[in-house]
Amino acid sequence: MAKVLRAEAFQVDVPVETLRTDAVQQFVKQETVFVEITTDDGLTGLGYAYTIGTGGSSVLALLKDHLLPRIVDADARRIEQIWQDLFAGTRSTTVGAITSLALAAVDTALWDLHCLRAGEPLWRMAGGFRQEVPLYDTEGGWLHLSTEELAKGAKETADQGWQGIKMKVGKPDLTEDVERVEAVRAAVGERFAIMVDANQSMTAAEAIRRADAFRNVNLTWLEEPLPADDVSGHERLARATSIPIAVGESLYSVAQFREYLERGAASIIQVDAARIGGITPFLKVAHVAEAFNADVCPHFLMELHVSLAAALPNGKFVEHIPQLRAITRSELTVHNGHALAPDTPGLGIDWDRDAMDDLRVA
């Protein structure tokens, strides 16, 4: 048995590495909530979840007051049983972001233990399809950047051999969005992937109008054009355009992804391990997507998602947004435009505990 002896939670606030803006918000800071689990076989697993500025203290309170006491003395090897028990114990607050983030912090810690116990890296334990995944950059595509800055950054990314770039759209004037996208396409050529992200800022009618305006730019996908709960609007949009529609970072259950896929409302699945409730439901979403012949391109969390995308036959891209460098000792390894999943046992993230302590919230 691998009985849980101790389970603790704490918060570390990581400053953003650069100004990040989109059509509806600004990335203020990363409130990173950690869970550390120690078992009687001498192992300690560290898992985490995050917010981009608010709610971290609420996630922490849910963990300390309700979730972590339930897992003491549990068998840490029974990851699915623990996840279901915690979910059942929080039914009055599910499905929702705060509970999903709390579940994710526990679940990723259990998966860290699972991999450490086996002496294997996450990418192999979660499926082991391959070790390298194509990489695209978002850090050079924020909405506040000028057209010239966007085009210059995209050209530099392409020259480095990366596979694509994602840029934010949602300017008040459609023509400005079109000019910016066309400038980036002119800078990188026709064979380089360009994704655009509207961050839930549009109505269905406006998204259809803008998708039509983008039709000659050869976009790889149009991301979160509408509010995430507007499934019928996404369905209308998907029928009206040949641009693949991407959703997922703002969905919090496997069933929500299934509905999108069943209705043909999205074809690129951007599940986020923290927001879906951990690695356990992340893999379920990925397998549902595979059944619908849809690609998985996880949102954010590149340090964790590189291993999960590598594990999957339908893991298509990893998103480059560096945000953990202040509290880690190593960075994502990039080779020939691909992100390389780490081979070290566990989650594969080399945490700097001293740096984490310096940024720890009292």
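Not measured: the values here are computed from a predicted model.
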- Tell me whether the centres of the aromatic rings in H320 and Y136 are closer together than 6.0 Å.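 H320 vs Y136: aromatic centres not under 6.0 Å.
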Contact summary for [X] and [Y], nearest pair of heavy atoms:
| X | Y | answer |
| --- | --- | --- |
| A187 | A151 | CB-O, 3.6 Å |
| G56 | V33 | O-CG2, 3.7 Å |
| F282 | L312 | CE2-CD1, 4.0 Å |
| A266 | V247 | CB-CG2, 3.5 Å |

- Query: Got a sec, which pairs hit salt bridge (charged side-chain N to carboxylate O under 4.0 Å, His left out) with one end in residues 53-63, sequence neighbours left out?
  - Reply: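 Output for this query is empty, none listed.
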- Residue pairs passing the salt bridge (charged side-chain N to carboxylate O under 4.0 Å, His left out) test where at least one lies in residues 95-110, sequence neighbours excluded: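 Matches after skipping sequence neighbours: none remain.
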- Query: In terms of the angle between their ring planes, are F87 and W83 parallel, tilted or perpendicular, with boundaries placed at 30° and 60°?
  - Reply: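 Parallel: the ring planes of F87 and W83 meet at under 30°.
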- Message: How long is the straight-line distance from CG of L110 back to SG of C115, given to the nearest 0.5 Å?
- Response: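 If we round to the nearest 0.5 Å, C115:SG and L110:CG are 11.0 Å apart.
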Checking [Y] against [X]: is there a side-chain donor and acceptor pair closer than 3.5 Å?
| X | Y | result |
| --- | --- | --- |
| T99 | T93 | yes |
| E224 | S250 | yes |
| Q84 | E80 | yes |
| S146 | E149 | yes |

For the backbone of [Y] and the side chain of [X], can you confirm whether one donor and one acceptor N or O come within less than 3.5 Å of each other?
| X | Y | value |
| --- | --- | --- |
| D295 | K316 | no |
| H305 | D272 | no |
| Q163 | G161 | yes |
| E319 | F300 | yes |

- Item | Residue pairs fulfilling side-chain hydrogen bond (donor to acceptor under 3.5 Å, both in side chains) with at least one residue in residues 344-354, sequence neighbours excluded |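 Found E36-R353.
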- Tell me, with the steps shown, if K171 and D177 meet salt bridge (charged side-chain N to carboxylate O under 4.0 Å, His left out). CA-CA 6 Å; K171 290 286 187 178; D177 265 351; over 6 Å; no
